[in-house]
Each structure stands twice: as C-alpha cells, then as structure tokens.
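We name chains A, B, ... by the order of the sequence lines, and we start the count at 1 in each one.
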There are 2 protein chains.
Amino acid sequence: MDNSQGLAGQGGNETSDLSKARLRAWLQILKVSRKIEGELREKMRVEFGSTLPRFDVLAALYRERDGMRMSELSKSLMVSNGNVTGIVDRLVAEGLVVRLPVENDRRASIVRLTEAGEKDFAERALVHESWVSDLFSDLSSSDADALIRILRTISHHNEAPHHD
Amino acid sequence: MDNSQGLAGQGGNETSDLSKARLRAWLQILKVSRKIEGELREKMRVEFGSTLPRFDVLAALYRERDGMRMSELSKSLMVSNGNVTGIVDRLVAEGLVVRLPVENDRRASIVRLTEAGEKDFAERALVHESWVSDLFSDLSSSDADALIRILRTISHHNEAPHHD
DNA sequence: CACAAATATTTTAAGTTTGAAATATCTTCG
DNA sequence: CGAAGATATTTCAAACTTAAAATATTTGTG
C-alpha cells in the first residue's frame with residue numbers, strides 16, 4: 001500500500017492534485033534554497049574570503065568543541081566522506097582546524113577547531129545570522145514556526161532508519 | 001553600518017529571538033533540501049542512469065517546446081552560464097537535445113529537445129513526480145499550501161528586479 | 001564606416017560533490 | 001596466532017558549480 005495516490009486515486013491516468021501540490025512545494029523549497037544559498041555564498045566570498053562548505057564544517061565543530069571524527073562530520077553535514085576530506089584539508093591549510101590522532105584507533109582522527117578557528121567562526125557566525133535574518137526579513141515569527149514545523153514532518157519521514 | 005535588529009534591538013549584545021527563529025528556519029530548509037535532493041539524485045542515477053542537473057535542464061526545455069537560449073536556461077535554473085554549457089554538452093552527446101543557430105544572431109544558439117529527449121523526459125517526469133510525492137507523503141494538502149505560501153513570501157523578497 | 005560598448009556564449013581554474021576503489025587498521029573467531 | 005570481515009579514512013575519476021577571462025558577434029555613436 002505504499003501506493004501513491006497517483007494512478008489509483010482519481011480515476012484518470014493523471015497524477016493526483018495532492019501529488020502535484022507536493023511537487024510544487026518541493027520545487028519551491030528548491031528555489032528558495034538555491035536563491036538563499038547563492039546570496040550567502042556571494043557574501044561569504046566577498047566578506048570572508050571563504051565558502052559555505054567551509055563555514056558548515058566550522059559550525060559543526062563549533063557545536064562540538066572536543067572535536068569530531070571525519071565520519072561524524074560527514075554524517076552530521078549529510079555529505080560524503082571523501083567530500084569532507086577535501087574541505088578539512090583546506091581548513092587545515094588555513095590554520096582553522098587540526099587533525100588529532102585518536103587514542104587506540106589509528107584509522108581514525110579527530111578534527112578540532114584551533115584557537116584561530118574558534119575566534120574566526122564566532123565572529124563570522126554573528127554576521128552570518130544577520131545575513132540570514134535580512135534575507136528572511138519577510139518571515140514573521142509565526143510563519144517561521146509554521147515553516148519549521150512543516151519541514152520537520154518532512155525530514156522525520158525520511159529519517160535514516162536508526163540501527164540499534 | 002546597516003545594522004539589522006541584532007545588536008540594536010534587544011538591549012543585550014545577543015541577536016534577537018526572531019533572528020534566531022529565522023536562522024533555524026533556514027537551517028531546516030537546508031536540511032530538507034539536502035535530504036530530498038540526495039534521495040532524488042540516487043533514484044535518478046539508479047533508475048534513469050542520469051543526474052538531477054540534466055533532469056532540470058530537460059524540464060525547463062519541456063516547458064518551452066520551441067527551445068531556449070543558453071542565457072534563458074541559466075537564468076531559469078538560477079545557475080551560471082558556464083555551468084549550463086557543460087550540462088547541455090552532455091545532453092547533446094546523449095542525443096536528448098540539440099543546439100540550433102539563431103536567425104540574425106550568430107553569437108546565440110537555441111537549445112531544444114529532440115524527439116528522443118521529449119519522449120524520455122515525459123516518461124521520467126511522471127516517475128519523478130511519484131518519487132517526490134512519496135518523499136513528501138507526510139505533507140497534507142493544507143500544509144503543502146501553507147509551505148508554498150510562506151516560501152513564496154521569502155522568494156519574492158529576494159526577487160531580482162523584474163522585467164516581464 | 002570605424003570603433004567602443006554591450007551581449008551571448010565558451011573556456012578556464014579552483015572548489016565542491018559523489019560513488020567506488022584503495023589503504024590502513026581493528027575485531028572476530030576458528 | 002592468523003585469516004576474514006568490518007570499519008575509518010583517503011584517493012580517484014567524473015560531474016557539477018562558480019567567477020572571471022576570453023572569444024565572437026552585434027549594436028550604438030561619432
């Protein structure tokens with residue numbers, strides 16, 4: 001019964017109105033997401049001489065001050081392992097993060113902010129938040145809450161099945 | 001400086017609750033967007049042996065059966081000119097689109113679906129819609145409408161100055 | 001007409017991203 | 001112990017992406 005209401009629901013061989021509404025919703029998410037990401041990328045580049053993916057890694061590490069493994073980073077950011085390797089390489093070259101060995105497991109390493117990385121990110125995060133708030137300045141408090149609620153129902157449905 | 005409500009509004013030097021709610025909303029948009037895009041990319045790859053960017057180009061051309069210029073394509077998809085060049089090159093190699101000369105302007109070219117491109121896309125679009133509907137199966141009709149409305153207010157704010 | 005400016009597209013260099021293969025290390029179990 | 005499998009990460013090739021430079025063509029102006 002995972003049948004989507006497409007061919008079964010309505011009688012015709014057209015897809016259903018609900019299916020079309022969901023598609024429109026998805027396309028609108030994509031549109032907003034691209035537009036905002038483009039604006040933020042440009043600001044990052046001009047104001048910080050940096051990039052969004054690097055900011056994302058710094059943000060994750062700022063939340064976990066003791067550092068994270070590469071695998072934790074890639075899971076948290078929902079990007080591939082190989083991807084994180086390259087970003088972290090560049091952040092290491094910039095002196096914003098370090099790779100530390102893990103006691104008892106020489107395969108793994110912990111990535112951690114340096115002092116410079118912490119300081120830089122703390123400053124950038126405030127500016128970043130103000131950029132976002134400006135880009136979303138038409139979003140009222142109640143609409144923000146509604147938006148978050150609706151998007152959460154979508155993410156939860158597609159949550160990775162946790163293996164215990 | 002063009003200070004947003006951050007430092008000025010509240011009295012403390014913290015950013016405002018509204019600003020934080022907007023940031024959370026943005027991060028949630030990003031999360032859903034990445035998750036869904038990842039799922040769709042995987043399905044495109046496995047089921048169609050293709051990619052999302054190519055699907056996006058085909059979709060744009062399917063809406064404009066007479067074809068589009070490279071610049072129209074890149075504007076419509078909100079990606080750079082150079083980007084579209086590469087995607088179209090590959091679609092040409094696959095025989096799904098063609099580049100046609102433009103009367104009276106030898107700088108430009110029109111990109112148009114071939115018959116094979118039209119046929120392929122028509123089939124894929126139906127399957128794609130059902131994938132999206134499944135991924136959004138927790139999204140009710142009224143929530144879909146609310147989501148679309150809220151996201152539109154955001155896009156409109158950041159709309160490029162229009163020329164219809 | 002000549003030639004500067006504008007426009008349409010491609011090329012290029014650098015970075016991001018993926019999925020798969022390769023490495024290195026750890027763990028399990030016969 | 002030692003091989004087989006599992007796990008953590010990196011490497012690799014291909015594709016995508018951008019911003020900027022280059023190319024080709026058209027348009028506007030004197």
*salt bridge (Lys or Arg N to Asp or Glu O under 4.0 Å) against A:R63, all qualifying residues, sequence neighbours excluded*: none

*asked:* My understanding is that only residues two or more places apart in sequence, or in another chain, count here; which of them pass side-chain hydrogen bond (donor to acceptor under 3.5 Å, both in side chains) with A:D105?
replied: A:R107

_B:K43: partners by salt bridge (Lys or Arg N to Asp or Glu O under 4.0 Å), with sequence neighbours left out_ = none

*Ignoring hydrogens and angles, tell me if any N or O in the side chain of B:R22 forms a donor-acceptor pair with the backbone of A:F136 under 3.5 Å.*
yes

*By side-chain hydrogen bond (donor to acceptor under 3.5 Å, both in side chains) - contacts of A:D138 (at least two apart)*: none

Side-chain atoms of residues 85-94 of chain B: list all donor-acceptor pairs with protein atoms under 3.5 Å, sequence neighbours left out, distances to 0.1 Å.
from	atom 1	to	atom 2	distance (Å)
B:T85	OG1	B:N81	O	3.4
B:D89	OD1	B:R99	NH2	2.1
B:R90	NH1	B:G86	O	3.3
B:E94	OE2	B:R54	NH1	3.0

*Could you check how far CD of A:E39 sits from C1' of D:dT18, rounded to whole Å?*
15 Å

*Non-neighbouring partners of B:E42 that pass salt bridge (Lys or Arg N to Asp or Glu O under 4.0 Å), sequence neighbours left out*: B:R45

_Partners passing side-chain hydrogen bond (donor to acceptor under 3.5 Å, both in side chains) against B:E129 (at least two apart in sequence or in another chain)_ = A:T15, A:S19, A:K20

*asked:* For A:E118, give me all partners under side chain to side chain contact (heavy atoms under 4.5 Å, CB included), at least two apart in sequence or on another chain.
replied: A:Y62, A:R65, A:L113

*Reading nucleotides 7-12 of chain D from the 5' end, what letters show protein touch, with B for base, S for backbone sugar-phosphate only, - for no heavy atom under 4.0 Å?*
BSBBB-

_A:A146: which residues meet the side chain to side chain contact (heavy atoms under 4.5 Å, CB included) condition with it, sequence neighbours left out?_
B:I150

*5' to 3' contact window, DNA chain C with chain A (heavy-atom distance under 4.0 Å)*: C:dG15 to C:dC26

*Specify the residues of residues 42-59 of chain B, ordered by number, for which at least one heavy atom lies under 4.0 angstrom from an atom of DNA chain C.*
B:E42, B:R45

*Residue closer to the 5' end of DNA chain D, B:M78 versus B:R106 (nearest nucleotide)*: B:M78

